[in-house]
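Hydrogens, waters and symmetry mates play no part in the numbers below; they use all other heavy atoms, side chains included. All values derive from a computational prediction rather than experimental measurement.
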Amino acid sequence: MGSFHTFDCVAAAREAVASGDIAPLRKIFLASAAVPGIFPPQEIQDNLYIDGIVTGNMFYGFYGGSSRHLETFGSLWKVRYPDSPIPKIRYWVIINGYLKAPVYTMQPHWISLAQRGLEIVTRSFTEITLRNLFLLAEVNQLRGEGESEVRWVAVPPTWQKPNSDPFNMEMMRSLSDLGRSMGENPNSWISESP
C-alpha cells in the first residue's frame with residue numbers, strides 16, 4: 001500500500017511467549033530492517049512489508065502520532081488529568097550511522113549511483129525528521145501542551161570504517177565499541193536541532 005504501518009511488538013512478544021512460536025515476531029523485526037534491494041520484504045498476513053527507514057525512522061508526532069492540537073500527549077493529558085501538571089516528554093534518539101552522508105567519489109554506473117541515491121535520501125529524511133521533532137517539541141510547549149526534551153546522537157563523521165564491506169564483523173565490532181564509549185559519556189548527546 002506504500003504507507004506507514006506500526007506493529008505492536010509488545011503484543012507480538014507476548015504472543016510468542018504464550019505460543020512458543022517466535023516466527024511472527026521475527027518477521028516484524030525483519031520487515032523493519034528490510035531495506036529495499038538489500039534485504040527481502042517480509043510477508044505478514046498476506047501483505048509484503050519493507051522499510052529500513054523508507055517510511056519513517058523515528059516514531060513520534062508527524063510519523064505515527066499526532067501533532068494536531070487536542071490530539072497531542074499534552075492536550076490529552078490535560079483532559080484526563082486537569083489538576084496534574086503535564087509530565088515532561090523526553091525523546092532520546094540514537095541514529096545508527098552518520099547523520100549526513102559522507103563524501104565519496106562515485107563512478108557513473110547505475111547500481112552505484114542508485115545505492116548512493118538511497119543512502120542520501122534516507123540520511124536526509126532522518127535529518128529532516130529529527131528537525132521536525134525539535135519543531136514539534138517547541139510548538140507543543142508554545143501551545144501549553146507540555147515541555148519536551150530532545151537529545152540525539154549519531155556516529156561522528158570522524159569515525160572511519162575499517163573496510164568497505166557493510167556487514168563485516170570487524171566493522172560491527174568497531175561500531176559497537178564506539179557506541180559503548182559514546183553511551184558512557186553524557187556529553188555525547190546533542191540537544192540542538194541539526
Side-chain angles (χ1 to χ4, degrees), residues 4-10 12-13 25-26 28-36 38-39 50-67 72-74 86-104 115-142 145-194:
F4 185 87
H5 182 85
T6 304
F7 291 98
D8 185 342
C9 294
V10 173
L25 180 61
R26 181 177 287 150
I28 289 171
F29 290 132
L30 288 172
S32 178
V35 177
I38 298 174
F39 296 110
I50 61 162
D51 193 65
I53 77 169
V54 174
T55 58
N57 196 14
M58 293 172 226
F59 183 73
Y60 70 86
F62 299 116
Y63 305 102
S66 179
S67 61
T72 63
F73 171 79
I86 301 168
K88 181 188 284 189
I89 299 173
R90 290 182 170 89
Y91 297 96
W92 296 81
V93 179
I94 299 172
I95 298 169
N96 189 19
Y98 300 115
L99 181 62
K100 296 185 182 289
V103 176
Y104 294 125
Q115 289 172 333
R116 179 65 171 164
L118 180 61
E119 177 187 22
I120 291 170
V121 164
T122 56
R123 292 190 196 283
S124 297
F125 180 60
T126 298
E127 184 175 0
I128 290 166
T129 304
L130 188 55
R131 286 182 191 161
N132 284 341
L133 177 57
F134 276 90
L135 289 173
L136 177 67
E138 185 176 343
V139 166
N140 284 345
Q141 186 167 350
L142 290 172
E145 296 175 357
E147 184 182 349
S148 298
E149 180 180 285
V150 181
R151 301 283 184 266
W152 65 277
V153 68
V155 172
T158 54
W159 180 79
Q160 297 294 314
K161 293 181 181 181
N163 56 56
S164 61
D165 182 5
F167 298 104
N168 178 280
M169 185 63 74
E170 181 185 6
M171 186 183 84
M172 297 297 173
R173 285 206 172 111
S174 177
L175 274 173
S176 177
D177 292 344
L178 174 67
R180 180 178 300 276
S181 68
M182 290 179 75
E184 292 171 348
N185 181 0
N187 295 323
S188 297
W189 293 96
I190 301 167
S191 60
E192 295 180 4
S193 180

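To the nearest 0.5 Å, atom CG of residue Leu25 and atom CZ of residue Phe7 are 11.0 Å apart. With rounding to the nearest 0.5 Å, the separation of CZ in Arg180 from CG in Leu175 is 13.5 Å. How far CD1 of Ile50 is from CG of Leu30: 14.0 Å, rounded to the nearest 0.5 Å. A distance of 11.0 Å separates CG of Asn187 from CE of Met182, quoted to the nearest 0.5 Å. One distance of note links CG of Leu135 with CG of Leu130; it measures 10.0 Å at 0.5 Å rounding.
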Using the side-chain contact (heavy atoms from CB on, under 4.5 Å) rule, take Asn140 and Ile89 through it: C-alpha gap first, then chi angles, then the decisive distance, then the call.
CA-CA 11 Å; Asn140 284 345; Ile89 299 173; 5.8 Å; no
Evaluation steps, side-chain contact (heavy atoms from CB on, under 4.5 Å), between Met169 and Arg173
CA-CA 6 Å; Met169 185 63 74; Arg173 285 206 172 111; 3.5 Å; yes
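Between Ile86 and Gly146, the closest heavy-atom pair is CD1-N, 3.7 Å. Across all non-hydrogen atoms, the minimal contact from Arg131 to Pro194 is NE-O, 3.1 Å. The two residues Trp189 and Val93 have their closest heavy-atom pair at CZ3-O, 3.5 Å. Closest heavy-atom contact between Ser191 and Phe134: O-CE2, 3.3 Å. The two atoms that bring Thr129 and Phe125 nearest to each other are OG1-O, 2.7 Å, heavy atoms only.
When atom types are taken as modelled, the side chain of Ser176 and the backbone of Met172 share no donor-acceptor pair closer than 3.5 angstrom. Between the side chain of Tyr98 and the backbone N or O of Trp159, at least one donor-acceptor pair lies under 3.5 Å. The closest donor-acceptor contact from the side chain of Ser174 to the backbone of Glu170 lies at 3.5 Å or more, if one exists at all.
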Pairs of donor and acceptor atoms involving the side chains of residues 147-158, under 3.5 Å and at least two apart or interchain, shall be tabulated with distances.
unit_1	atom_1	unit_2	atom_2	d
Glu149	OE2	Arg90	NE	3.4
Trp152	NE1	Glu192	O	2.8

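Using a cutoff of 4.0 Å between basic side-chain nitrogens and carboxylate oxygens, Glu127 and Arg123 are not scored as salt-bridged.
The closest side-chain heavy-atom distance from Cys9 to Ile28 is below 4.5 Å.
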